[in-house]
Chemist: 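My questions will all concern the structure given below.
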There are 2 protein chains.
Amino acid sequence: MPVAATSLDVRSASRLFKALGDETRLRIVALLSHGELCVCHFESALGLTQSNTSRQLGVLKNAGVVEARRDGSWVYYRLAPQMEEVCKAQLEALVAAFAKRDALGEDVERLLKSLGPNACK
Amino acid sequence: MPVAATSLDVRSASRLFKALGDETRLRIVALLSHGELCVCHFESALGLTQSNTSRQLGVLKNAGVVEARRDGSWVYYRLAPQMEEVCKAQLEALVAAFAKRDALGEDVERLLKSLGPNACK
DNA sequence: TGACGACATCACAATATTCAAATATCGTGT
DNA sequence: ACACGATATTTGAATATTGTGATGTCGTCA
C-alpha cells in the first residue's frame, strides 16, 4: 500500500523522464536502442566533446537508464533493464519507436560509418 | 553546415520528457489520466499553492501535454492529443500505466473526496 | 457598475543545469 | 615503472528552473 503522498512509481518515473528530457541524452538513448555502444561512438556520431559525452552518459547511468561495462580501455554502454513497471513500459515503448522508424537519420549514418571495419581502434 | 543532427521526433520527445520530468507535473498528469479536472482540484489533491499549480499547468500546456478549456469561472485541463508518433505512444503508455494500477494512492483519494457532491463550489 | 472568486503572471531569491577546458583516473602495452 | 589513450571528474561562469508572495486579468453575480 502506498503510504507517502507520492508513490514510488511517480517518483521513479519522473526521474526517468528528467533524464530523458534532454535532446542530447535522448539521442544517446536512441542510438542505444540499436544495441551496445562505447563512448567514442557517441562522441563521433553525435558530435559531442569528450567531456560532455561522458557527463551525459553519467547522468543517464545515475538515473538508471543505462549501465556500463568495461572492456579493456573502452567502456560500453547499454540500456539498463527497468525494475519499476512504469519505467519499464516507457523505455520499451521508446525503444520500439526508435527501432522501428529511424528517428535519428544522420546520427545513425555517422554511427555506422564510424563503426566500420575496426571500431574504436 | 549545421548538421541538423536532431530529427523532429527526438526534439519533440525530449520536450515531452522534460515536461514530465518533474514530480509535481507527473502527478498532475497521473490525475489527468482519469479524466478532465479543473485547477482547484489539483490544488487540493496535490497540496500545492495556487500560484505553483497554475505555473506547472502552464509548463505542461506549453509543452503540449495538456490543453485547457474555460467554463465560467473555472478552467478545466485535460491531456492533449499528441501529433508526433513517439510522443503519442509514450503518453498513451503512461496513461495506461497510471490508469491500471493506481500509481497515485493518496492523491486520488484526496481528489475523490474533493470531487464530492458538487465539486469546485 | 462594483465586489468577489478563479486563475494567470510577475518579481525575486534559491537552487540546479548547462558546457567546455583543465585535470584526474584507469587499463594497456612497453 | 612509465607513457599513452580512453574515460571520468572537477572547475567556474552562464543560463534555466524552482517556489512563493504580490499583483493582474477575467468571468460572474448582484
Chemist: Determine whether a donor-acceptor pair (N or O, by modelled atom type, separation under 3.5 Å) exists between the side chain of A/His41 and the backbone of A/Cys38.
Modeler: yes
Chemist: Could you tell me whether a side-chain N or O of A/Ser54 sits under 3.5 Å from a main-chain N or O of A/Ser51, the two making a donor and an acceptor?
Modeler: no
Chemist: If you define the side chain from C-beta out and look only at heavy atoms, does anything of B/Arg27 sit under 4.5 Å from A/Ser14?
Modeler: no
Chemist: Under 3.5 Å, which protein N or O atoms sit close to an N or O of nucleotides 20-29 of chain C? Give each pair with its distance.
Modeler:
unit_1: C/dA20; atom_1: OP2; unit_2: A/Thr49; atom_2: OG1; d: 3.2
unit_1: C/dA20; atom_1: N7; unit_2: A/Ser51; atom_2: OG; d: 3.3
unit_1: C/dA21; atom_1: N6; unit_2: A/Ser51; atom_2: OG; d: 2.8

Chemist: Does any non-hydrogen side-chain atom of B/Leu20 lie less than 4.5 Å from one of B/Leu94?
Modeler: yes
Chemist: What residues form a side-chain contact (heavy atoms from CB on, under 4.5 Å) with A/Asp22, not counting sequence neighbours?
Modeler: A/Thr24, A/Arg25, A/Gln56
Chemist: A/Trp74 CH2 to D/dA8 P: how many Å, rounded?
Modeler: 14 Å
Chemist: In whole angstrom, what separates B/His41's NE2 from C/dC7's C1'?
Modeler: 14 Å
Chemist: For DNA chain D, which residues of residues 57-65 of chain B approach it to below 4.0 angstrom with any heavy atom?
Modeler: none
Chemist: Taking salt bridge (charged side-chain N to carboxylate O under 4.0 Å, His left out) as the test, write out the residues that go with A/Arg70, two or more places apart.
Modeler: none
Chemist: From C/dC7, D/dT17, D/dT9, pick the nucleotide closest to the side chain of A/Ser54?
Modeler: D/dT9
Chemist: Please report the distance, rounded to the nearest Å, between CD in B/Glu23 and P in D/dT18.
Modeler: 13 Å
Chemist: Between A/Lys18 and C/dT17, does any side-chain N or O lie under 4.0 Å from OP1 or OP2?
Modeler: yes
Chemist: Is B/Tyr77 close enough to C/dA8 that one of its side-chain N or O atoms is under 4.0 Å from OP1 or OP2 there?
Modeler: yes
Chemist: So, using salt bridge (charged side-chain N to carboxylate O under 4.0 Å, His left out) as the criterion, who are the partners of B/Glu36 when residues are at least two apart?
Modeler: B/Arg69, B/Arg78
Chemist: For B/Glu43 and C/dC7, what is the distance between atoms CD and P respectively, to the nearest whole Å?
Modeler: 7 Å
Chemist: Out of curiosity, B/Leu26 CG to A/Arg15 CZ, how far, rounded to the nearest 0.5 Å?
Modeler: 13.5 Å
Chemist: Who passes salt bridge (charged side-chain N to carboxylate O under 4.0 Å, His left out) against A/Glu92, sequence neighbours left out?
Modeler: A/Lys88
Chemist: Considering every strand and a 4.0 Å limit on heavy-atom distances, what is the contact class for A/Gln56: base, sugar-phosphate, or nothing?
Modeler: sugar-phosphate
